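The structure displayed is predicted, hence computed values, not measured ones.
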Amino acid sequence: QVIIDSQPLTVAILAALFFGESIGAIGAGGLVLGVVGLLLLEVPALSVEGSNTSVWGSGEWWMFLSAQSMAVGTIMVRWVSKYSDPIMATGW
């Protein structure tokens, strides 16, 4: 699934929000294009599959949530590694 590729977009946005990372105009344009690309690829797949299949049953929302979970973990390890070994924090 292409939806797992939403993780770097989320990491970039969270890093800008929590750590003051600079995205810049070109980076912001890239983020917008990435989101538009994901929407173009995934939204038609959800609407074509039929109305009798739940969104949760298709697995696409689960994949999206797992990508966001990995993105949050990527951001959290920067903070956690201040207080513990980065390799141990990644393992946890």
Side-chain angles (χ1 to χ4, degrees):
Q1 289 283 349
V2 176
I3 202 153
I4 196 75
D5 296 328
S6 66
Q7 179 194 3
L9 303 173
T10 305
V11 168
I13 292 169
L14 290 177
L17 291 175
F18 291 121
F19 298 119
E21 298 273 334
S22 175
I23 293 178
I26 294 174
L31 288 172
V32 169
L33 282 174
V35 169
V36 169
L38 285 171
L39 288 174
L40 287 173
L41 290 171
E42 291 300 323
V43 172
L46 289 176
S47 61
V48 170
E49 288 177 1
S51 60
N52 60 354
T53 304
S54 77
V55 174
W56 294 104
S58 69
E60 289 168 346
W61 280 107
W62 295 113
M63 193 68 146
F64 177 74
L65 290 176
S66 69
Q68 303 319 301
S69 174
M70 289 189 299
V72 169
T74 300
I75 293 298
M76 284 181 59
V77 81
R78 188 180 206 182
W79 176 76
V80 170
S81 64
K82 291 180 185 177
Y83 304 103
S84 65
D85 181 49
I87 295 173
M88 290 299 289
T90 302
W92 277 102

Inset, instruction - Not counting sequence neighbours, list each pair that qualifies as a salt bridge (Lys or Arg N to Asp or Glu O under 4.0 Å) and has a residue in residues 79-92. - result: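 The answer is none; no pair qualifies.
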Legend entry - I13 versus L31, closest heavy-atom pair with distance: CG1-CD1, 4.1 Å
Inset, instruction - Tell me, please, which residues at least two apart from Q68 pass side chain to side chain donor-acceptor pair (under 3.5 Å). - result: S6, T10
Side chain to side chain contact (heavy atoms under 4.5 Å, CB included) against [X], all qualifying residues, sequence neighbours excluded:
| X | result |
| --- | --- |
| S84 | V80, A89 |
| V32 | V36 |
| M70 | I4, Q7 |

Inset, instruction - Among L38, L39, L33, find the residue that satisfies the side chain to side chain contact (heavy atoms under 4.5 Å, CB included) test when tested with V35. - result: L39
Donor-acceptor contacts, no H, no angles, side chain residues 17-28, under 3.5 Å, sequence neighbours left out:
{"from": "E21", "atom 1": "OE2", "to": "R78", "atom 2": "NH1", "distance (Å)": "3.0"}
{"from": "E21", "atom 1": "OE2", "to": "R78", "atom 2": "NH2", "distance (Å)": "2.9"}

Inset, instruction - Report yes or no: do M76 and L14 belong to one cluster of Ile/Leu/Val/Met/Phe/Trp/Tyr joined by side chain heavy-atom distances under 4.5 Å? - result: yes
